[in-house]
There are 2 protein chains.
Amino acid sequence: MKPKITLKDIARELDVSISTVSKALKNSKEISKDTKDRIKAFAKFYNYRPNNIALSLKNRRTKNIGVVIPDIVHHFFTTVFRGIEKYANSMGYNVIICISDESFDKEVINMEMLANGSIDGFILSLSAETQRKNDFTHLKELLDQGIPIVLFDRVTQDVACDKVVLNDVEISRESVEHFIGKGSEKIALITTDNYFNVSESRKDGYLEALKDNDIPFDENLILTLPHDLDNTKLITEFFEKNEIEAVLCVNEIFAVQCMSVIQQMGFRIPEDISIIGFTDGILSRFSSPKLSTVAQHGEKMGELAAKMLINRMESTEVVEEPFKTEIINATLIKRGSTIN
Amino acid sequence: MKPKITLKDIARELDVSISTVSKALKNSKEISKDTKDRIKAFAKFYNYRPNNIALSLKNRRTKNIGVVIPDIVHHFFTTVFRGIEKYANSMGYNVIICISDESFDKEVINMEMLANGSIDGFILSLSAETQRKNDFTHLKELLDQGIPIVLFDRVTQDVACDKVVLNDVEISRESVEHFIGKGSEKIALITTDNYFNVSESRKDGYLEALKDNDIPFDENLILTLPHDLDNTKLITEFFEKNEIEAVLCVNEIFAVQCMSVIQQMGFRIPEDISIIGFTDGILSRFSSPKLSTVAQHGEKMGELAAKMLINRMESTEVVEEPFKTEIINATLIKRGSTIN
DNA sequence: TATTAACACGAAACCGTTTTCGTAACTTTT
DNA sequence: AAAAGTTACGAAAACGGTTTCGTGTTAATA
């Protein structure tokens with residue numbers, strides 16, 4: 001057991017002052033070569049490393065960034081997080097992660113805990129409950145205290161900060177138009193009411209595409225599902241009641257559930273019904289047929305979010321740069337569940 | 001913009017000493033009720049919160065724990081992490097996460113970065129490369145410095161510390177015996193050489209089951225696949241060459257790939273071939289038929305790991321408790337891919 | 001009334017760094 | 001030989017807290 005060694009320890013052992021040790025280790029030219037060599041050798045031998053906490057206190061920056069996401073067992077968030085971690089790490093930052101679990105209170109508590117010095121900035125995606133309540137005072141207060149925040153994916157207009165979002169409207173439109181281009185007119189949308197803004201945008205894109213192509217909108221072709229339950233029954237009913245040629249699902253779980261149901265009902269994919277999902281996760285890649293899907297490029301998104309945050313944190317400009325909203329372009333990956 | 005307020009600020013404004021403020025806020029009875037009230041009111045008004053970094057420095061504990069895992073986009077690790085986060089948070093700890101990306105160097109560098117004061121203890125699962133190299137000096141050094149470590153899932157005998165593992169051997173045996181109980185004798189194992197100890201254990205269980213039931217071991221019935229590629233060709237060949245009644249796969253990706261291939265070849269699941277996978281993830285739940293699988297109870301594992309770590313960190317015993325290895329009992333979830 | 005106890009607070013040390021500034025001891029210049 | 005300039009180092013403050021100990025004032029006791 002050899003406990004951590006401090007500057008003070010070195011100073012005592014070598015009979016010099018703490019400042020001398022500090023300077024020597026930073027190669028200051030105030031210190032003679034002899035003394036420097038002695039100190040460096042000693043430090044190396046005892047594997048001296050400066051204490052991060054002391055440095056944080058002194059420098060008033062922790063080199064930690066806080067990431068708050070609604071859920072970790074979720075492909076999209078997971079990939080975003082990986083992007084954040086990679087970039088942050090490459091810039092010498094550590095990442096403290098908190099899961100809000102879609103709960104407003106947890107989001108608030110976690111952020112307040114971290115905000116008292118533990119981190120220099122936040123990257124977050126709003127919890128479902130926060131979006132429902134439309135209460136962003138916790139974010140505003142942190143921004144007020146000078147703590148930078150970058151919002152991604154589930155964002156809000158109500159807080160002024162940097163953001164990274166997906167072009168949800170456009171990619172939905174593009175997806176629906178892909179269906180239309182292949183001759184489909186009865187196009188369904190399977191969505192959720194869980195995280196509002198992104199599903200809303202996706203619906204908007206769906207509607208736009210219909211409108212632009214003079215296809216009348218049929219309310220019955222929209223199915224709203226609760227999240228993460230077994231929706232077999234609802235989906236079956238939906239397809240029994242309606243004659244459908246193509247389906248856009250706002251996530252990959254709905255998409256594979258849907259595929260499985262309609263295959264069970266005797267339809268062929270994509271000959272009878274085409275499907276496109278969101279999130280190019282493991283489900284999409286290993287379903288049969290393979291699911292055509294909207295790749296959200298989560299890793300890129302995370303990387304960009306981290307880059308924006310670190311830029312702002314390290315910026316020395318006197319006048320702060322205006323807040324930016326960056327848009328990540330999703331891409332439609334055409335696989336076996338659509339006619340291509 | 002209202003910047004964070006410190007004890008010093010309060011002291012100055014209220015014309016008392018810093019120590020008085022500190023004591024007042026901690027409700028010390030050294031301070032008169034009057035003064036306490038004044039100080040508390042002021043502190044509340046300005047939303048005073050003690051600075052975590054300063055506390056960490058003073059108390060020489062950060063209330064942060066470091067989690068190092070090989071991969072985050074992986075259902076099992078993700079659930080373990082969720083368990084860690086939940087328990088840690090409930091105990092007032094934050095979690096700093098580092099992804100080793102299966103690389104030895106990253107594992108070492110990340111841990112050293114964190115070890116200089118940023119965290120009080122580690123929870124980690126060894127990277128593939130670390131296991132391959134069999135080099136654990138970084139862990140031993142940290143333990144030497146008095147930093148507690150809890151290893152989970154991918155562990156090693158070579159370091160003396162707390163561990164949490166799955167009963168891989170037993171659950172594999174149980175799975176294979178389930179096949180045998182349903183009349184299968186030609187039982188295949190699809191495995192990986194990527195993370196040694198767990199796949200080795202799973203193979204051991206497989207072998208034990210065969211032996212106990214007097215089924216001769218046929219080397220050809222073991223297929224070793226590289227990770228995460230499209231293994232369709234290898235799997236197809238494997239099933240063409242061998243007559244197989246049941247397959248145990250060491251992860252769910254292999255299992256669904258396998259299912260898809262053999263369905264393509266015209267076999268019925270589970271009538272012709274039964275399948276069991278490892279990891280009760282999203283793939284298993286949404287495949288058709290639904291995959292019978294070994295649930296690893298990752299969340300429980302994470303929670304237990306966190307509990308062991310925090311226990312040790314907070315223990316005030318003079319003589320340290322001996323290291324423990326806890327075993328999580330996996331359970332076989334029987335779904336549509338097996339005859340039940 | 002003198003002594004002691006209780007009360008209410010402040011000074012200072014400490015956690016581990018960095019950094020500014022001061023200075024003793026030489027060396028160089030005039 | 002006196003003045004000025006270097007060199008090589010140490011003291012101390014600062015980051016933001018906690019905590020021990022000392023002390024002046026008032027209240028209780030002898």
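Below, chains carry the letters A, B, ... as their sequence lines are ordered, and counting in each starts from 1. A quick note: this is a predicted structure, and the numbers were derived from the prediction, not measured. Hydrogens, waters and symmetry mates play no part in the numbers below; they use all other heavy atoms, side chains included.
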Scan A:T6 against the nucleic acid and name what it touches under 4.0 Å (heavy atoms): base, sugar-phosphate only, or nothing.
sugar-phosphate
Residues from residues 31-42 of chain A lying under 4.0 Å of DNA chain D - heavy atoms:
A:I31, A:S32, A:T35
What string of B, S and - do you get for nucleotides 20-25 of chain C, 5' to 3', if B is base contact, S is sugar-phosphate-only contact and - is no contact with any protein heavy atom under 4.0 Å?
BB----
Axis-to-axis angle across the helix from C:dT1-D:dA30 to C:dT30-D:dA1, five pairs each end, nearest 10 degrees, ~ 70°
Between B:R61 and C:dC15, is there a side-chain N or O to OP1/OP2 distance below 4.0 Å?
no
Using whole Å, what does the distance between atom P of nucleotide C:dT19 and atom CZ of A:R60 come to?
14 Å
First of B:T20 and B:K8 reached from the 5' end of DNA chain D, by closest nucleotide:
B:K8
Examine the side chains of B:D153 and B:S125 and answer whether a donor and an acceptor come within less than 3.5 Å of each other.
no
For A:K63, does its backbone N or O pair with a side-chain atom of A:D120 as donor and acceptor, under 3.5 Å?
yes
Closer than 3.5 angstrom, by distance alone: can the side chain of B:R38 be matched with the main-chain N or O of B:L14 as a donor-acceptor pair?
yes
Round to the nearest Å and state the distance from A:K29 atom NZ to C:dT19 atom P.
14 Å
Determine, for B:D144 against B:K140, whether the closest basic-nitrogen to carboxylate-oxygen distance falls under 4.0 angstrom.
no
Nearest whole Å is fine: how far is C:dG16 P from A:N52 CG?
13 Å
Looking at A:K133, A:R154, A:R132, which one forms a salt bridge (Lys or Arg N to Asp or Glu O under 4.0 Å) with A:E102?
A:R154
For A:P70 and A:L126, work out which heavy atoms get closest and say how close.
CG-O, 3.6 Å
What are the bounds, 5' to 3', of the part of DNA chain D that sits under 4.0 Å from heavy atoms of chain B?
D:dC15 to D:dC21
Round to a whole Å and report the spacing from CG of B:L57 to C1' of C:dC15.
4 Å
Test item: B:E85 side-chain N/O and A:I99 main-chain N/O as donor-acceptor pair under 3.5 Å:
yes
Mind calculating the distance between CG (A:L55) and P (C:dG16) to the nearest angstrom?
12 Å
For C:dT17 and A:Y48 - does any side-chain N or O of the residue sit under 4.0 Å from the phosphate oxygens OP1/OP2?
yes
Are the side chain of B:D37 and the backbone of B:D34 linked by a donor-acceptor contact shorter than 3.5 Å?
no
List the residues meeting side-chain contact (heavy atoms from CB on, under 4.5 Å) with B:N27, not counting sequence neighbours, and say none if there are none.
B:K36, B:K40
A:L7 CG to C:dC14 C1', in whole Å, measures 15 Å
Sidechain-backbone polar pair: B:S100 side chain, B:K106 backbone, donor-acceptor under 3.5 Å
no
If you look only at distance, which donor and acceptor atoms sit under 3.5 Å apart when one is on a side chain in residues 307-315 of chain A and the other is two or more places apart or in another chain?
residue, atom, partner, partner atom, Å
A:R312, NE, A:D162, OD2, 2.6
A:R312, NH1, A:E321, O, 3.0
A:R312, NH2, A:D162, OD1, 3.2
A:R312, NH2, A:D162, OD2, 3.3
A:R312, NH2, A:E321, O, 3.4
A:R312, NH2, A:P322, O, 3.3
A:E314, OE2, A:Y93, OH, 2.8
A:S315, OG, A:E317, N, 3.2

What are the two closest heavy atoms between A:T62 and A:S56, and how far apart are they?
CA-OG, 3.5 Å
Measure from the side-chain N and O atoms of B:S90 to the backbone N and O of B:Y87, and report whether any donor-acceptor pair falls under 3.5 Å.
yes
Short question: side chain of B:N52, backbone of A:G117 - any donor-acceptor pair under 3.5 Å?
no
When the nearest nucleotide of DNA chain C is assigned to B:S17 and to A:R49 on a heavy-atom basis, which residue is associated with the more 5' position?
B:S17
Distance in angstrom units between A:K63 NZ and C:dT17 P, rounded:
18 Å
